J.: 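Could you have a look at this structure, given as structure tokens, before my questions?
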Amino acid sequence: MLDIKLIRDNPESVKNKLILRNEDTSVIDKILEADGKRLNLISVSETLKELRNSVSDEIAVMKKNKQDSSDKIAEMKKVSEEIKTYDEKLRKVDSEIDLLLKYVPNLPHDSVPHGKSEKDNKEILIWGKLKSFDFKVRDHIELGKALDILDFERGTKISGSGFPLYKGKGAKLERALINFMLDEQSKNGYKEVMTPVLVNRASMEAAEKVPKFEEDMYHMEKDDLFAIPTAEVPILNIHRDEILKQDELPLRYCGFTNCFRREAGSYGKDTKGFLRVHQFNKVELINFCKPEDSYSELEKMLEDATGILKKLNIYFRVIELCTADIGFAASKCYDIEVWSHAENKWLEASSVSNCTDFQTRRAMVRYKKILDNRKTKTELVHALNGSGLATSRLMVALMEAYQTKEGNISVPEALRSYTGFDVI
RNA sequence: GGAGAGGUGGCAGAGUGGUUGAAUGCGGCAGUCUCGAAAACUGUUGUAGCGGUAACGCUAUCGAGGGUUCGAAUCCCUCCUUCUCCGCCA
């Protein structure tokens, strides 16, 4: 969430940045109005509490001296009741502000290209060579079926559409990819973690996924637990409510998890095979760093994510998202897209975002900043996340790009020590 | 799932209704001493909100949320969580 003080002190600049995101700015006026009420209520309530506290001390002294204090007690009884009504109002306005704030996205960074829609995203890099085939290209579904490595029908039988079943060398290839990516990212300085995949509401709120995106989540009502849409959620929450040391930053984590998305509202879109699934595998990168380092860390994470594709020799491009298309929690965001030779289009395989202090404010992840005069100040850290990478779309690009005339798939060089075979 | 015992400041650990933001110890920071260090001694040391240029003041905070009371770390209720024992189980 945004800093209420930032909104209070610079409402116009906040609004202007929201306009760049095509957001309605009237919410800011509502927040400001409620905030004004809130400050007023705090001041009244606290003045009354001050009175109550001091008179209560007087009563204590009088009781000790065996003096009669019934007048003061009667008076304070009224004051206490008054405090109660003010605090009730305060609680109401607090939750009103909180709710409004939960739907206001992060502000875009000045370097983010302005735009009205995803059409205004900027392609900043294309890497590799587009392969040409002297035979009819098969798509990943056809290949998967013919080689008996992917079984979407049986996946559907087990769970429903969008829950893929990997078999034989397909399962091994998937596992090889995951292990390869984890090893690479460990080399890049990320500490590997294995996290819970069901998380509580507080963790979802801290990651700013709920309430805004609650409909996109699998939710276990009985226990109020959510299936994670990305490992970003549990990894970000590792340090919830903690104060980190300055010299341990940046803290970089990588972790593999299954990811679950209901994809509500996108039925009928990209329904083929792996293109849009409810369960997929992903190695996630998370970075906690000092605020002044977050944009350079973002570039490093982009390097680390694309490094995987380079080693696998997969044709990809990097898109810098425009102000209208960056994610809710992000201030700046790159998408990495891989090429599908069968679909003849780019598929998003990764998104690398700087979420600045937007998530860490709610998650309360801070660090002790050491100032010049040796004093310390607790300050929010910045949090970044990136997929490094998601396997399902990567699998599409890989299978299609590495297919042979005979209908086999050759395993990329870098993966062979992981798979133990060269061809499927 | 059943029975019992706990959750207090960075940590350890007092405190069962009235100057207790919280004794004491350890740790951290600053200083004295020292060529320097250790030891010793002295001081200081949570977080957040509101007001103030600031010094500072006020408010909240003893797992979380409610309640009782003029006043709650202390009493009551609900929830979370940790430990021990029993049961069940990958």
Side-chain angles (χ1 to χ4, degrees), chain A residues 1-9 31-101 194 196-206 210 220-226 234 237-249 251 258 357 359-381:
Chain A
M1 68 177 163
L2 291 182
D3 186 359
I4 182 75
K5 283 186 207 153
L6 180 75
I7 297 173
R8 191 185 295 156
D9 298 338
I31 289 171
L32 285 171
E33 195 195 326
D35 183 53
K37 267 193 230 165
R38 178 174 171 271
L39 293 186
N40 187 38
L41 286 167
I42 285 174
S43 134
V44 174
S45 160
E46 288 192 352
T47 308
L48 289 172
K49 279 176 188 166
E50 190 179 347
L51 175 70
R52 182 186 66 186
N53 288 348
S54 63
V55 175
S56 286
D57 286 346
E58 286 171 30
I59 292 170
V61 173
M62 289 172 83
K63 288 232 171 183
K64 207 178 231 172
N65 297 335
K66 304 237 156 74
Q67 288 170 287
D68 177 42
S69 55
S70 50
D71 287 358
K72 290 197 174 194
I73 289 176
E75 195 190 331
M76 285 310 105
K77 198 179 177 100
K78 275 187 206 151
V79 170
S80 263
E81 267 157 31
E82 243 183 295
I83 289 172
K84 212 173 263 182
T85 65
Y86 278 110
D87 278 353
E88 228 159 87
K89 284 183 199 167
L90 185 60
R91 221 174 311 172
K92 224 178 121 189
V93 78
D94 262 338
S95 62
E96 191 185 320
I97 292 171
D98 193 53
L99 187 65
L100 290 169
L101 229 34
M194 194 171 272
V197 292
L198 298 183
V199 302
N200 58 32
R201 186 170 287 275
S203 291
M204 276 299 201
E205 284 180 349
V210 154
M220 272 129 278
E221 204 175 331
K222 203 167 181 180
D223 301 292
D224 199 20
L225 290 171
F226 294 86
N237 277 280
I238 289 175
H239 294 297
R240 168 147 57 92
D241 296 322
E242 289 184 15
I243 297 176
L244 306 169
K245 294 192 185 91
Q246 179 171 303
D247 58 17
E248 64 184 335
L249 299 175
L251 267 173
N258 301 120
D357 56 9
Q359 294 170 314
T360 53
R361 179 166 296 108
R362 197 170 285 284
M364 291 285 272
V365 187
R366 294 164 294 170
Y367 80 108
K368 276 238 188 288
K369 184 188 177 114
I370 299 164
L371 303 171
D372 291 340
N373 57 7
R374 280 182 176 164
K375 286 192 173 162
T376 58
K377 189 187 164 200
T378 36
E379 195 172 71
L380 294 168
V381 302

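Worth knowing before you read on, the calculation uses all heavy atoms, side chains too, and leaves out hydrogens, waters and symmetry mates. Proteins get letters first, then strands, A, B, ... in listed order; numbering begins at 1 in each. Predicted, not measured: the structure shown is a model, and the values here were computed from it.
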J.: For the C1' atoms, the ones on A23(B) and on C76(B), what distance do you get once it is rounded to whole angstrom?
T.: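 After rounding to an integer number of Å, I get 28 Å for this pair.
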
J.: In whole angstrom, what separates D241(A)'s CG from U61(B)'s C1'?
T.: 14 Å

J.: How is K72(A) classified with respect to the nucleic acid when contacts are heavy atoms under 4.0 Å: base, sugar-phosphate, or nothing?
T.: nothing

J.: With both distances under 3.5 Å as the test, what is the Watson-Crick or G-U wobble partner of U19(B)?
T.: none

J.: Using a heavy-atom cut-off of under 4.0 Å over every strand shown, decide if K84(A) touches base, sugar-phosphate, or nothing.
T.: sugar-phosphate

J.: Could you check which of G49(B), C70(B), U47(B) has an atom nearest any side-chain atom of R38(A)?
T.: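 Of all the options, the side chain of R38(A) is nearest to G49(B).
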
J.: Return the pairing partner of G57(B) with a 3.5 Å limit on both distances, Watson-Crick or G-U wobble; otherwise return none.
T.: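 Across any shown strand, G57(B) pairs with C50(B).
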
J.: Within this structure, what is the CZ-OG distance for the pair R240(A) and S203(A), rounded to the nearest 0.5 Å?
T.: 4.0 Å

J.: Could you state the atom-to-atom distance from OH of Y86(A) to P of C50(B) in whole Å?
T.: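 Atom OH in Y86(A) sits about 19 Å away from atom P in C50(B).
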
J.: Sticking with atom P, work out how far G1(B) lies from C70(B), rounded to a whole angstrom.
T.: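 That atom pair is separated by 40 Å.
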
J.: Would you mind checking if K5(A) and D9(A) are paired as a salt bridge, meaning a charged N to carboxylate O distance below 4.0 Å?
T.: no

J.: Distance between the C1' atoms of U69(B) and C75(B), in whole angstroms?
T.: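 One C1' to the other, the span is 10 Å.
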
J.: I want to verify a distance call: between C70(B), U59(B), C50(B), whose nearest atom is closest to the S56(A) side chain?
T.: C70(B)

J.: Whole angstrom is fine here: how far is it from CG in N200(A) over to C1' in U81(B)?
T.: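 Those two atoms, CG and C1', are 12 Å apart.
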
J.: Give one of base, sugar-phosphate or nothing for K64(A), where a contact means two heavy atoms less than 4.0 Å apart.
T.: nothing

J.: So S80(A), base contact, sugar-phosphate only, or nothing? Heavy-atom distance under 4.0 Å.
T.: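 Sugar-phosphate, backbone atoms only, no base.
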
J.: For residues N237(A) and A206(A), report the shortest heavy-atom separation together with the two atoms involved.
T.: OD1-CB, 3.5 Å

J.: State, to 0.1 Å, how close L380(A) and Y367(A) come at their nearest heavy-atom pair, and which atoms those are.
T.: O-CE2, 4.1 Å

J.: Which one is paired to G27(B), where only Watson-Crick or G-U wobble pairs with both distances under 3.5 angstrom count?
T.: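 When the pairing criteria are applied, U45(B) turns out to be the nucleotide that pairs with G27(B).
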
J.: Tell me: CG of D9(A) to P of G49(B), nearest whole Å?
T.: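 To the nearest whole Å, that distance equals 13 Å.
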
J.: Using both distances under 3.5 Å as the test, list the Watson-Crick or G-U wobble partner of A5(B), or none.
T.: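 The answer is U82(B), by the H-bond criterion.
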
J.: Report yes if a donor N or O on one partner sits less than 3.5 Å from an acceptor N or O on the other, where the partners are the side chain of E46(A) and the base of G51(B); otherwise report no.
T.: no

J.: When rounded to the nearest Å, what value does the distance between P atoms of G9(B) and C86(B) take?
T.: 32 Å

J.: Students often get this wrong, so: under 4.0 angstrom with heavy atoms, is T47(A) touching a base, only sugar-phosphate, or nothing?
T.: nothing

J.: Should K63(A) be listed as having a side-chain N or O under 4.0 Å from OP1 or OP2 of G18(B)?
T.: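 False: K63(A) side-chain N/O out of range (4.0 Å or more) of G18(B) OP1/OP2.
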
J.: Starting at the 5' end of RNA chain B and moving along, which residue's nearest nucleotide shows up first, I42(A) or S54(A)?
T.: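 Looking at the nearest nucleotide for each, I42(A) comes out on the 5' side.
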
J.: In whole Å, I'd like the distance from the NZ atom of K5(A) to the P atom of G51(B).
T.: 9 Å

J.: Check every strand shown and say whether K368(A) touches a base, only sugar-phosphate, or nothing at a heavy-atom separation below 4.0 Å.
T.: sugar-phosphate

J.: Sort out the partner of C89(B) for me: Watson-Crick or G-U wobble, both distances under 3.5 Å, none otherwise.
T.: none

J.: Look at all strands and tell whether K78(A) reaches a base, only sugar-phosphate, or nothing, counting heavy atoms closer than 4.0 Å.
T.: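 Answer is nothing: K78(A) stays at 4.0 Å or more from every strand.
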
J.: At less than 4.0 Å, is any side-chain N or O atom of N53(A) found next to OP1 or OP2 of C58(B)? Yes or no.
T.: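 Checking N53(A) against C58(B): no side-chain N or O falls below 4.0 Å of OP1 or OP2.
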
J.: Starting at CG of D71(A) and ending at P of C70(B), how long is that distance when rounded to a whole Å?
T.: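 It works out to 14 Å between those atoms.
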
J.: Pick the C1' atom in U74(B) and in C62(B), then give their distance to the nearest Å.
T.: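 Taking atom C1' in both U74(B) and C62(B), they lie 10 Å apart.
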
J.: Whole Å only: how far is the CG atom of L90(A) from the P atom of A48(B)?
T.: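 It is 19 Å, rounded to the nearest whole Å.
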
J.: Need to verify one output field. Residue with the more 5' nearest nucleotide on RNA chain B, E379(A) or A60(A)?
T.: A60(A)

J.: What is the distance from CG of N65(A) to C1' of U19(B), rounded to the nearest Å?
T.: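 These atoms are roughly 13 Å apart.
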
J.: If I compare all heavy atoms of A34(A) with all of V93(A), which pair ends up nearest, and what's the gap?
T.: O-CG2, 3.5 Å

J.: In whole Å, measure the gap between the C1' atoms of C11(B) and A90(B) for me.
T.: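 It works out to 37 Å between them.
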
J.: Say we look at G18(B) and G87(B): how far apart would their P atoms be, to the nearest angstrom?
T.: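 After rounding to an integer number of Å, I get 45 Å for this pair.
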
J.: Which nucleotide wins on minimum distance to the side chain of K77(A), given the candidates A48(B), C70(B), U59(B)?
T.: C70(B)

J.: Answer yes or no: does atom CD of E33(A) have more than 12 heavy-atom neighbours from other residues, nucleotides or ligands under 6.0 Å?
T.: no

J.: Tell which nucleotide pairs with A72(B), taking only Watson-Crick or G-U wobble pairs whose two distances are both under 3.5 angstrom.
T.: none

J.: For C50(B), take OP1 and OP2 only and decide whether either is under 4.0 Å from a side-chain N or O of S45(A).
T.: no

J.: Considering every strand and a 4.0 Å limit on heavy-atom distances, what is the contact class for R8(A): base, sugar-phosphate, or nothing?
T.: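 If one applies the 4.0 Å heavy-atom cut-off, R8(A) turns out to touch the sugar-phosphate alone, with no base involved.
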
J.: Could you grab the distance from atom CG of D98(A) to atom CZ of R91(A), nearest 0.5 Å is fine?
T.: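 One gets 14.5 Å once the value is rounded to the nearest 0.5 Å.
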
J.: If we take the P atom in both A22(B) and U59(B), what is their distance in whole Å?
T.: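 Those two atoms are separated by 13 Å.
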
J.: Taking only the side-chain heavy atoms of R91(A) (C-beta and beyond), determine which of C50(B), G66(B), C70(B) contains the nearest atom.
T.: G66(B)

J.: Counting only Watson-Crick pairs (N1-N3 plus N6-O4 or O6-N4) and G-U wobbles (N1-O2, O6-N3), all under 3.5 Å, who is the partner of G36(B)?
T.: none

J.: For the residue pair L41(A) and Y86(A), what are the closest heavy atoms and their distance?
T.: CD2-CD2, 3.7 Å

J.: Is a salt bridge present between D357(A) and R366(A), judged by a nitrogen-to-oxygen distance below 4.0 Å?
T.: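 R366(A) and D357(A): not salt-bridged.
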
